[in-house]
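Positions are given from 1, in the same order as the sequence printed here.
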Amino acid sequence: MLYTNLKHIETATEFQRIIAESGQVVIVCGRMGEFSIPVYRVLEALQTECPTVKFFDMEFDNPESHVVCELFADMPEAKVPFMLFYEDGELLIKSWGIKTKEEIEEIINKSVVNGFIH
């Protein structure tokens, strides 16, 4: 279990439903470890700053996280945490590894026409 203040995704079916039903979505898939925890904290802060964006986590060690892992299968250099940025069901960008708040904001604003962060 991930101990974050993000909404948790438990199943592959729930993952697909969230993407299909939500507008702007950020999903992080990781562990409770040194590389993932800082990213969770950044997304928890952004969750407060960006109320129109829905932020979720999914536990990497959950077998259901295969839906996320498959998106990174062609990237052997990719390390947890994995981050996915969706808008209206479309995967805009995928990122991995530890990131600062500024780096995540930059990724978001480059990937979305109007930006997630205003």
Side-chain angles (χ1 to χ4, degrees):
M1 176 168 186
L2 297 175
Y3 298 97
T4 75
N5 290 322
L6 302 170
K7 295 175 190 137
H8 307 301
I9 299 174
E10 300 289 332
T11 67
T13 301
E14 185 180 8
F15 175 88
Q16 297 299 339
R17 181 186 54 76
I18 286 166
I19 293 167
E21 293 177 357
S22 303
Q24 297 172 325
V25 177
V26 176
I27 299 170
V28 61
C29 181
R31 295 180 163 126
M32 289 308 296
E34 65 182 306
F35 298 108
S36 298
I37 291 172
V39 173
Y40 300 142
R41 300 305 171 243
V42 167
L43 295 182
E44 288 169 344
L46 289 174
Q47 182 172 250
T48 303
E49 296 172 22
C50 309
T52 61
V53 180
K54 295 180 176 118
F55 293 89
F56 296 89
D57 66 30
M58 189 167 199
E59 187 175 10
F60 178 78
D61 296 308
N62 175 347
E64 293 288 307
S65 72
H66 69 87
V67 293
V68 174
C69 297
E70 289 168 1
L71 296 171
F72 292 88
D74 62 339
M75 303 173 149
E77 73 279 4
K79 308 281 187 243
V80 295
F82 298 141
M83 284 183 288
L84 303 169
F85 302 84
Y86 287 90
E87 186 164 32
D88 298 328
E90 178 184 350
L91 177 60
L92 300 174
I93 197 163
K94 52 188 178 179
S95 180
W96 64 89
I98 193 167
K99 300 275 188 279
T100 65
K101 183 177 181 187
E102 292 76 22
E103 289 171 321
I104 293 172
E105 288 175 337
E106 185 177 336
I107 290 168
I108 290 171
N109 286 321
K110 282 184 177 180
S111 65
V112 182
V113 174
N114 295 319
F116 280 5
I117 301 169
H118 305 287

| said: Going by the rule side chain to side chain donor-acceptor pair (under 3.5 Å), which residues pair with Glu34 if we only count those two or more places apart in sequence or in a different chain? | reply: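 So Glu34 forms no side chain to side chain donor-acceptor pair (under 3.5 Å) with any residue.
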| message | Test of understanding: with side chain to side chain donor-acceptor pair (under 3.5 Å), list the residues that count as partners of Glu10, not counting sequence neighbours. | response |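 Result, side chain to side chain donor-acceptor pair (under 3.5 Å) vs Glu10: none returned.
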[X]: what forms a side chain to side chain contact (heavy atoms under 4.5 Å, CB included) with it, not counting sequence neighbours?
X     : value
Ala78 : Phe72, Met75, Phe82, Trp96
Thr13 : Thr11
Ser95 : Met83, Phe85, Lys99, Ile107
Lys7  : Phe56

Student check: side-chain heavy atoms of [X] and [Y] closer than 4.5 Å:
X      : Y     : answer
Ile27  : Ile19 : yes
Glu105 : Leu46 : yes
Asn62  : Ile9  : no

| request: May I have all residue pairs that pass salt bridge (Lys or Arg N to Asp or Glu O under 4.0 Å) and include part of residues 54-64, sequence neighbours excluded? | output: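 The answer is Arg31-Asp61.
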| If you look only at pairs with a residue in residues 66-76, which of them pass as a side chain to side chain donor-acceptor pair (under 3.5 Å), with sequence neighbours excluded? |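 For residues 66-76, and leaving out neighbouring residues, the side chain to side chain donor-acceptor pair (under 3.5 Å) pairs sorted by first residue read His66-Glu70.
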| request: Just grab all the side chain to side chain donor-acceptor pair (under 3.5 Å) pairs involving residues 38-48, residues at least two apart or on different chains. | output: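 Those involving residues 38-48 are Arg41-Glu44.
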| Excluding sequence neighbours, so at least two apart, what forms salt bridge (Lys or Arg N to Asp or Glu O under 4.0 Å) with Lys79? |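 For Lys79, no residue satisfies salt bridge (Lys or Arg N to Asp or Glu O under 4.0 Å) once neighbours in sequence are set aside.
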| Quick one: ring pair (Phe, Tyr, Trp, His ring centres under 6.0 Å) partners of Phe15, sequence neighbours excluded? |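 Result, ring pair (Phe, Tyr, Trp, His ring centres under 6.0 Å) vs Phe15: none returned.
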